[in-house]
Amino acid sequence: MDFRHFKYFVAVAEERSFTRAAERLHISQPPLSRQIQQLEDEIGMKLLERDARPLRLTEAGRFFYARAVRLLEQVNETVTMTRRIAQVERRLVIGFVPSTMYGALPRIARLFRAVKPQTELVLVEKLSVEQNEALNAGRIDVGFGRLRLDDPRVKREVLREEPLVLAIPAEHPLAGAATPLSLLAAVPYTLLIYPRSPRPSYADQVLSLFRDKGVEPMTVHEVQEMQTALGLVASGMGVCVVPASAQRLRRDEVVYRPLLESSAVSPIIMCTRLNDQSEDIVLLRSLIDEVYRAQAAEKLLADSPPPPAGAEA
Ligand code: BEZ
């Protein structure tokens with residue numbers, strides 16, 4: 001008895017006719033009749049009342065039909081699930097906190113797509129706490145976040161410590177100079193922090209920078225997103241501590257000043273499931289190094305003095 005016997009019997013039982021079942025199965029009728037006969041011989045019971053028009057199932061036939069349908073469903077499900085697992089392996093899902101989109105993430109993602117087009121790269125916005133849950137649930141494979149969350153199931157690597165800057169409304173008294181300033185200068189003004197939830201978050205990192213200096217900002221206003229915070233800065237509502245890469249945003253309405261404190265940095269952390277050393281994750285990690293090397297070379301070039309006038313090109 002093999003898989004075909006089940007498939008053929010289900011077709012005959014559902015069509016109540018050998019002719020229609022043979023058409024549905026794209027075979028001719030004699031081999032179909034032979035297979036059903038073989039099946040009945042092997043079971044040792046009649047499954048069909050052949051004299052009836054349309055065909056009827058015997059009691060044993062009804063029982064066999066119900067079991068055969070379940071078995072075929074299980075076989076189909078097994079095939080589908082196997083295909084899905086294969087598919088999942090060709091997908092790399094990255095969770096990222098929004099601020100990393102202003103850093104190296106777009107370049108890394110572009111490079112990954114170019115080097116490994118056969119892997120579908122999916123980017124989903126998720127805060128650090130959400131990334132941790134999503135990694136453990138298998139909804140993402142990599143997280144780029146900013147919080148050092150301790151979870152023995154997760155491998156955490158600090159890729160770099162990004163300097164923080166103070167975003168100031170263009171008309172503000174602190175906006176007059178471009179030189180570095182202390183966090184203490186921000187204390188008398190409304191401090192915009194984000195994200196409001198879930199906590200802990202980058203908002204708490206910023207607040208503890210002030211607390212490390214023994215001060216609290218005079219007024220704190222919580223918003224959900226960096227974009228909103230910078231919009232409020234542009235509206236003159238307050239100041240905001242943001243990663244340096246955010247300086248690409250709202251250049252005309254917001255002035256960014258570096259911070260004097262060496263502690264004013266925020267890590268960019270790569271998280272993966274412990275022991276997940278899949279080919280795609282190894283590749284992604286090596287591409288991050290490649291992008292960092294390229295950025296360092298570009299910066300060196302941009303910072304180097306122009307050749308003296310009259311020098312040969
Ligand atoms: C970065 O800006 O350094 C970065 C951002 C996301 C992923 C990896 C690196």
Side-chain angles (χ1 to χ4, degrees), residues 91-117 119-135 139-149 151 154-167 194-195 200-203 205-206 209 225-227 229-230 240-251 256 258-259 262-274 276-303:
R91 256 163 73 103
L92 185 70
V93 186
I94 295 180
F96 63 94
V97 292
S99 63
T100 56
M101 268 298 168
Y102 303 103
L105 185 53
R107 191 166 174 176
I108 292 164
R110 264 201 322 276
L111 194 59
F112 186 93
R113 284 207 168 89
V115 173
K116 194 80 188 294
T119 294
E120 184 193 356
L121 188 68
V122 181
L123 293 167
V124 285
E125 189 182 317
K126 280 197 190 298
L127 299 173
S128 303
V129 173
E130 298 167 338
Q131 285 178 20
N132 204 69
E133 285 164 17
L135 266 178
R139 291 195 301 277
I140 62 169
D141 305 300
V142 180
F144 291 119
R146 291 194 178 268
L147 287 192
R148 289 179 166 87
L149 295 171
D151 184 335
V154 171
K155 180 181 165 197
R156 184 177 83 195
E157 186 188 355
V158 174
L159 296 174
R160 69 182 174 108
E161 293 280 2
E162 183 172 7
L164 299 176
V165 295
L166 190 69
Y194 65 88
S201 73
Y202 172 76
Q205 264 177 15
V206 170
L209 287 176
E225 287 173 16
M226 180 175 73
Q227 286 274 14
L230 287 174
C240 183
V241 176
V242 292
S245 53
Q247 289 177 88
R248 292 179 175 161
L249 296 168
R250 309 200 82 104
R251 293 206 131 178
Y256 297 92
L259 289 165
S262 57
S263 58
V265 290
S266 169
I268 294 185
I269 301 172
M270 176 171 174
C271 287
T272 49
R273 281 181 290 276
L274 203 69
D276 187 349
Q277 278 297 304
S278 76
E279 197 184 306
D280 287 335
I281 287 176
V282 173
L283 173 67
L284 181 71
R285 184 62 194 85
S286 73
L287 294 180
I288 292 170
D289 283 340
E290 201 172 314
V291 166
Y292 281 173
R293 274 195 298 273
Q295 283 179 338
E298 285 157 15
K299 184 168 180 333
L300 206 67
L301 211 63
D303 291 349

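In each ligand, atom 1 is the first atom listed, and ligand 1 is the first ligand listed. Along the sequence shown, residues are numbered consecutively beginning with 1. Note that this is a predicted model, so its numbers are computed, not measured.
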>> Does this structure show an ion pair linking Glu133 with Lys126, if we count only N-O contacts that are shorter than 4.0 Å?
In response: no
> Does a side-chain N-to-carboxylate-O contact under 4.0 Å join Glu279 and Arg285?
Replying inline: no
> Mind checking whether Tyr292 has a heavy atom under 4.0 Å from ligand 1?
Replying inline: yes
Go through ligand 1 atom by atom and flag the ones less than 4.0 Å from a non-hydrogen atom of [X].
X: Arg160; value: 1 (C), 2 (O), 3 (O)
X: Ala104; value: 1 (C), 2 (O), 3 (O), 4 (C), 5 (C)
X: Gly103; value: 2 (O)

> Of all heavy-atom pairs between Ser128 and Leu147, which one has the smallest distance, and what is that distance?
Replying inline: OG-N, 3.5 Å
> Are the side chain of Asp141 and the backbone N or O of Val93 linked by a donor-acceptor pair below 3.5 Å?
Replying inline: yes
> Is a donor on one side and an acceptor on the other found under 3.5 Å between the side chain of Arg273 and the backbone of Leu135?
Replying inline: yes
> Which residues pass the side chain to side chain donor-acceptor pair (under 3.5 Å) test with Asp151, sequence neighbours left out?
Replying inline: Asn132, Asn136, Arg153
> Is any N or O atom of Ile108, backbone or side chain, closer than 3.5 Å to an N or O atom of ligand 1?
Replying inline: no
> If you measure from each non-hydrogen atom of Leu159 to ligand 1, which part falls under 4.0 Å: side chain, backbone, both or neither?
Replying inline: side chain
>> Give me the nearest non-hydrogen protein atom to atom 6 (C) of ligand 1 as residue plus atom name, then the distance to 0.1 Å.
In response: Leu105 CB, 3.6 Å
